[in-house]
Amino acid sequence: MAPRREPIFLERETYRRRRLIDAVRLLPLVGVLLFLGPLLGSGAAPRSTALGGLYVFSTWLGLIALTALLVRWLARAPGGVGSDPLEPDAAPGGPSTRAGGGAEPDAR
Amino acid sequence: MNSNVLISVSLIYVAFLFLVAFGADKRARAGRGAWLHAPIVYTLSLSIYCTAWTFYGAVGYAARSGLEFVTIYLGPTLVMVGWWWILRRLVRIGRAQRITSVADLISSRYGKSNLLGVIVTALAVIGTTPYIALQLQSVTLSLAVFNAHEPGAEVRLSTAPATALWVAMGLAVFTVMFGTRNLDVNERHHGVVTAIAVEAIVKLVALLAVGVFVVWGIAGGPADVARIIEASPISDWQINGGRWASLTFLSAAAFLTLPRMFQVLVVENVDEKQLATASWAFPLYLFLMSLFVIPIAAVGLTRLPAGANPDLFVLTVPLAEGRDGLAMLSFLGGFSSATSMVIVAAIALSTMVSNHIVMPVWLSLRQGGASMSGDVRNAVLLSRRVSIGVVLALGYLYYRFSGGGAALAAIGLISFTGIAQVLPAMLGGIFWRGATRVGAAAGLIAGFAVWAYALFLPSFGEAIFPAQVMADGPLGLAWLRPQALFGISGLDPVVHALIWSLTINTMLFFGFSLLSFPTPLERLQGAQFVNVFEHSQPGRGWARGAAEAEDLLIMAQRIMGGAEAQELFRAQAAAQGKSGYLPDTTPEFLQRLERELSGSVGAATAHAMVGQIVGGAAVSVEDLMAVADETQQMLEYSSQLEAKSEELARTARKLGEANAKLTQLSIQKDAFLSQISHELRTPMTSIRAFSEILRDGPPDAGAQQKFAGIIQDEATRLTRLLDDLLDLSVLEAGQVTLNIQRDSLRAVIDQAVAAAGTAGDGRLLEIRRDPAREEVTIRTDTDRLAQVFINLIANARKYCDAAQPKLTIWVSRQEGRLVVDFVDNGAGIPAEAQAVIFEKFSRLSDQQKAGGAGLGLAICREIMDKLGGAIAYLPGQGGAAFRVTLPADRARSGNSG
């Protein structure tokens, strides 16, 4: 793996964080797709419990690993793991706000 | 195995849990409980999701339906993995609004409505009571399994209800001890959380141990297990798509709305770091809990006799293999699952019952006002303790009268479906500002009714709904059959009830929300909840400060305890700039106080209590407007202040500049005065010296004449100097009167040359001119102009150091204006001196030729300024060169300045 470069601009950092948050937001959708996957073609002949179990448990573990990885990255932010550059500081002891000048508007 | 041993071990285990809870509470209160906030403790506390129903029941479920059991864990996994969407928001809201329970969340969101609090509380009690009964049943059943291995089993089985009673009472004692020990402002229970974290580890270890034993002890590793599964009755995975998706959704919904889950997820949460870690760690926990379920089920089905209860495989498989120690561990795991769930559920329910049912009733019975009557703090604690007892008693009674058995086993999903009715109001409340109290109430009541009719009541069997009603519907209305509403039959009962109840619930919630109009407080709370990430300011509920601070303090002391209340009041008073304990009852203060109180008694009750003292002042639109106006005024005021301070800064800058100028002028004046005195003193000194000589003794006539001549020269020089000074001061003051007349330039120069020629020492100066070019008529003050010319010619005469000094006077037109250049053939003026020659008293050398005081060129510049022309030094002409620019004809008005 190539050495990580330090961000040159704050905007770039903010941008990265926004995308990271997007990825975290996408996780449950990924989970739904994975977990509902077995329903595809479920009208056909019954399948093997052992293989089905292998599928369910391996995707489950994969999702957990992916979440853990993204949360690890999220925790690197100076404002704390739950900080969003676009949100003003809301909770006491919560994330700090950085100047999110270059950040794009978030549809809320 | 001797059941006495089992009971002893259980008691030791319980005593150990007491110690853990006690120690953790003690440490937390001593301020040394930082590790209690570790994300891992939080994650483990979430494991109360895995009750005895999942500990024992998952294997039973798997033995009946194969892989489907896993949906109960996939739903929570999705919620945790999607923490950024819902949980992060809930936790923020919970912290910002000091939410104490799921009922409090709903009540607080919809304008601190107690009606909604009561509805949700009722729903929670009805949905949870059977669940508590299920836990009691699981403990007695598992005990019975051990007893069955002993002689005299029949006798002991009859004692099962007594066992359940003892368990229920023990749990009540534990819960009261650690769950209502403190009336915390933020409702956190460190002892309980730590104890259930320990229990979480015990049940995970127990299940993993049984699983490892089954896979590597009984079977010969994973491959062998796969073979056993393939050969077992559950080898075929027949997916019921509807159930798979519905149960995943249902478990996700229940995970968010179950009172006990809300308690550990939101209320006991300390920071977002906990949530972030739990977002993957808790799914991992669930993963591990369910990893060996299928192998245990398959092995149990294969090796145990056909009639064995699959719900107890976790116990009976080790027992059948003669592993008593493992069975004991497994029993403790199941025991842990049951007890931790019951404890937290009892705490959550008692908080809700106390805050939303008991306290409002108590308050309304004591109309005199909370501050005047008994000790509210004790009343709250007592009502909680009684509520815990009542909840557990209800669970026990339900267990007794339902008779245990299979009917209870199905209650898990039924209970989930019931409590999931809170979901639309919860999600709508935190994402949609348009959700109203009326909509939430309508949705909750309708969903609750449909659930009770289609799922809950039928679960009691014949006693409630006769078979005929189930088959044909009430009064023969087929479309109202409980398990085939509106004629849609063939669905699984749980899926059927889930779809209908939540659909009707959601539709009514949206419909009534759209049609109704929220109260101001509702709108305020709605904005606070939905925009929790933007608003850090608490919403304001109290616009007028009519309340007496002292009454409030008395009331707060009774709820929060004396020291805490006094500290709060003192801090608030200090923040307002007052000393003592009685702050002004500003809206901000009342708001703050109300939220502190709501941490103890719930939002609705706190609102009502403060309201009693403040005089029941409900928030009106006018109040909100006033608050808004106030904010607006503050904004305007601050912008005005800003403008003013900017103006001040500008003024200060100007003053500074003026000051610098004045200082400079003062320095100039000082320099000027010292120059003047120096200039005056030199001639005066010689005049005095020579006049003294003349007075003391007349010398010979020649010397006398010479001295008198010197005196006269010096006096003349003084006079000239004074004249110059006067001239300059008149010019500078602008008091000069110009005498404008028409004349030829040539005449003016002639006059100047003639005058300059007579002045001075008569040193030879050759003047070159081109008279033809000088034939221009000018209109200006010719005398003054001549004075300038004289000055320039005299200067050339005095300072031109050439052997044969020459001065060229050259008239020309530059850019339409008449200029006269005076160029001599001397050394000229050094570049660095050119800038200062027009200043007063600037002399290039010390030679005191012709008594020049260094005022000549300064006067010239003043004159040319007055005339509207200019004079400048012209460098690069091979000598000293001055250019006099004559005023433009038309620009000259002829009047004095």
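A distance of 11.0 Å separates CG of A/L36 from OG1 of B/T71, quoted to the nearest 0.5 Å. Taking CD from B/E230 and CG from A/L51, the interatomic distance works out to 6.5 Å, rounded to the nearest 0.5 Å.
Contacts between B/T77 and chain A at a heavy-atom distance below 4.5 Å involve the side chain alone, from C-beta outward. With a 4.5 Å cut-off on non-hydrogen atoms, B/I229 touches chain A through its side chain but not through its backbone. Heavy atoms closer than 4.5 Å to chain B are found in both the backbone and the side chain of A/V24. Interface remark: A/V32 contributes backbone and side-chain atoms alike to the contact with chain B (heavy atom separation under 4.5 Å).
Taking the side chain to side chain contact (heavy atoms under 4.5 Å, CB included) definition, one finds that B/P39 meets it with B/T277, sequence neighbours left out. Legend: residues meeting side chain to side chain contact (heavy atoms under 4.5 Å, CB included) with B/P233, ordered by chain and number and at least two apart, are B/L301. With sequence neighbours left out, A/I21 forms a side chain to side chain contact (heavy atoms under 4.5 Å, CB included) with A/R17, A/R18, A/R25, A/L74, A/D84, A/P85, B/W84.
Heavy-atom proximity under 4.5 angstrom to chain A picks out B/P283, B/L284, B/L286, B/F287, B/S290, B/L291 from residues 281-292 of chain B.
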**Message:** Between B/W83 and A/V71, does the side-chain contact (heavy atoms from CB on, under 4.5 Å) criterion hold? Intermediate values first, please.
**Reply:** CA-CA 11 Å; B/W83 66 288; A/V71 165; 4.2 Å; yes
**Request:** Evaluate side-chain contact (heavy atoms from CB on, under 4.5 Å) for B/W280 paired with A/L63, printing each intermediate quantity in order.
**Result:** CA-CA 8 Å; B/W280 60 268; A/L63 186 66; over 6 Å; no
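Taking both residues in full, the closest heavy atoms of A/P28 and B/G82 are given as CG-CA, 3.5 Å, listed atom of the first, atom of the second, then distance. Residues A/G52 and B/L67 approach most closely at C-CD1, 3.4 Å, considering heavy atoms. Considering every non-hydrogen atom in both B/W244 and A/F35, the closest pair reads NE1-O, 2.9 Å.
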